[in-house]
Amino acid sequence: MSVARSPRLLVVGAAIVRRTRLLAQQRRYPAEAAGRWELPGGRVEAGETEHEAVVRECREELGITVLPAQRVGADVALPEGVLRVYAAALADPVATPRPLEHRQVRWVGRSELAELDWLETDRALVPALEALLRE
């Protein structure tokens, strides 16, 4: 008898770009991650596409609507799955993202990316994010 394996966890992130800057958000919790930076995003729910998850997570975390586009970088391994990041633009170019679940949000330029204290999973994407901001 074979045992069904649970599907791997898929987490999506949004590399939201406005002009030449990327939106980063600073964690409020849990304690071991508080103060560190990450891209907006979260788990893909059952019945949801990856792009739908990006849109939902940005609405929940930032109060904004985004338009997801192409993938950014390679998948990043997580303990029980993968993180997959998509470039995204604000649906309303003058919308102001608000930190609804995080300590703060910040627009950063390419030269500032490596200076932030990113969570390890997001730090792995810094070279791809720098390339995205060069386009």
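Note that these values count all heavy atoms, side chains included, but never hydrogens, waters or copies made by symmetry.
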Of all residues at least two apart in sequence or in a different chain, which pass the salt bridge (Lys or Arg N to Asp or Glu O under 4.0 Å) check with [X]?
X: E101; value: none
X: E52; value: none
X: E61; value: none
X: D92; value: none

message = Give me each pair satisfying ring-ring contact (aromatic ring centres under 6.0 Å, His included) with a member in residues 87-124, each pair once, sequence neighbours excluded.
response =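 Sorted result for residues 87-124: empty, none.
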Residue pairs fulfilling ring-ring contact (aromatic ring centres under 6.0 Å, His included) with at least one residue in residues 34-70, sequence neighbours excluded =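 Those involving residues 34-70 are H51-Y86.
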task = Could you tell me whether the side chain of E45 reaches within less than 4.5 Å of the side chain of R56, counting heavy atoms only?
result =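 In short, these two side chains touch, coming nearer than 4.5 Å.
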For T65, all residues meeting side-chain contact (heavy atoms from CB on, under 4.5 Å), sequence neighbours excluded =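 Partners of T65 by the side-chain contact (heavy atoms from CB on, under 4.5 Å) criterion, ordered by chain and then number, come out as R59, A91.
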query = For T20 and L133, what are the C-alpha separation, side-chain angles and deciding distance, and is it a side chain to side chain contact (heavy atoms under 4.5 Å, CB included)?
reply = CA-CA 6 Å; T20 60; L133 292 179; 5.6 Å; no
request  = Can you run down the salt bridge (Lys or Arg N to Asp or Glu O under 4.0 Å) pairs that involve residues 11-25, sequence neighbours left out, and say none if there aren't any?
outcome  =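 Residue pairs passing salt bridge (Lys or Arg N to Asp or Glu O under 4.0 Å), neighbours aside: R21-E112.
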Distance-only donor-acceptor pairs under 3.5 Å for side chains of residues 120-132, two or more places apart:
from: E120; atom 1: OE1; to: R36; atom 2: NH1; distance (Å): 3.3
from: E120; atom 1: OE2; to: R36; atom 2: NH1; distance (Å): 3.0
from: E120; atom 1: OE2; to: R36; atom 2: NH2; distance (Å): 3.2
from: D122; atom 1: OD2; to: L39; atom 2: N; distance (Å): 2.8
from: R123; atom 1: NH2; to: L116; atom 2: O; distance (Å): 2.5

Quick check for you: to the nearest 0.5 Å, what is the distance between [X] atom [atom1] and [Y] atom [atom2]?
X: R28; Y: R103; atom1: CZ; atom2: CZ; result: 8.5 Å
X: L23; Y: L90; atom1: CG; atom2: CG; result: 8.0 Å
X: L83; Y: L10; atom1: CG; atom2: CG; result: 8.5 Å
X: L62; Y: R98; atom1: CG; atom2: CZ; result: 9.0 Å
X: C58; Y: L100; atom1: SG; atom2: CG; result: 11.0 Å

message = Quick check against the 3.5 Å criterion: does Q26 have a side-chain atom that pairs as donor or acceptor with the backbone of G35?
response =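 Judged by distance alone, yes, a pair lies under 3.5 Å.
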query = Does V11 share a hydrophobic cluster with I16, counting links as ILVMFWY side-chain heavy atoms below 4.5 Å and allowing steps through other members?
reply =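 No, V11 and I16 fall in different hydrophobic clusters.
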message = Taking E80 first and then R8, would you say they form a salt bridge - that is, a charged N and a carboxylate O separated by under 4.0 Å?
response =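 Looking at R8 together with E80, the answer is no, because their closest N to O distance does not fall below 4.0 Å.
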Enumerate donor-acceptor pairs with a distance under 3.5 Å from any side-chain N or O in residues 68-79 to protein atoms, sequence neighbours excluded.
from: R71; atom 1: NH2; to: D75; atom 2: OD1; distance (Å): 2.5
from: D75; atom 1: OD1; to: R84; atom 2: NE; distance (Å): 2.9
from: D75; atom 1: OD2; to: R84; atom 2: NH2; distance (Å): 2.7

task = Mind listing the closest non-hydrogen atom pair of V54 and A14 along with its distance?
result =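 Heavy atoms of V54 and A14 come nearest at CG1-CB, 3.9 Å.
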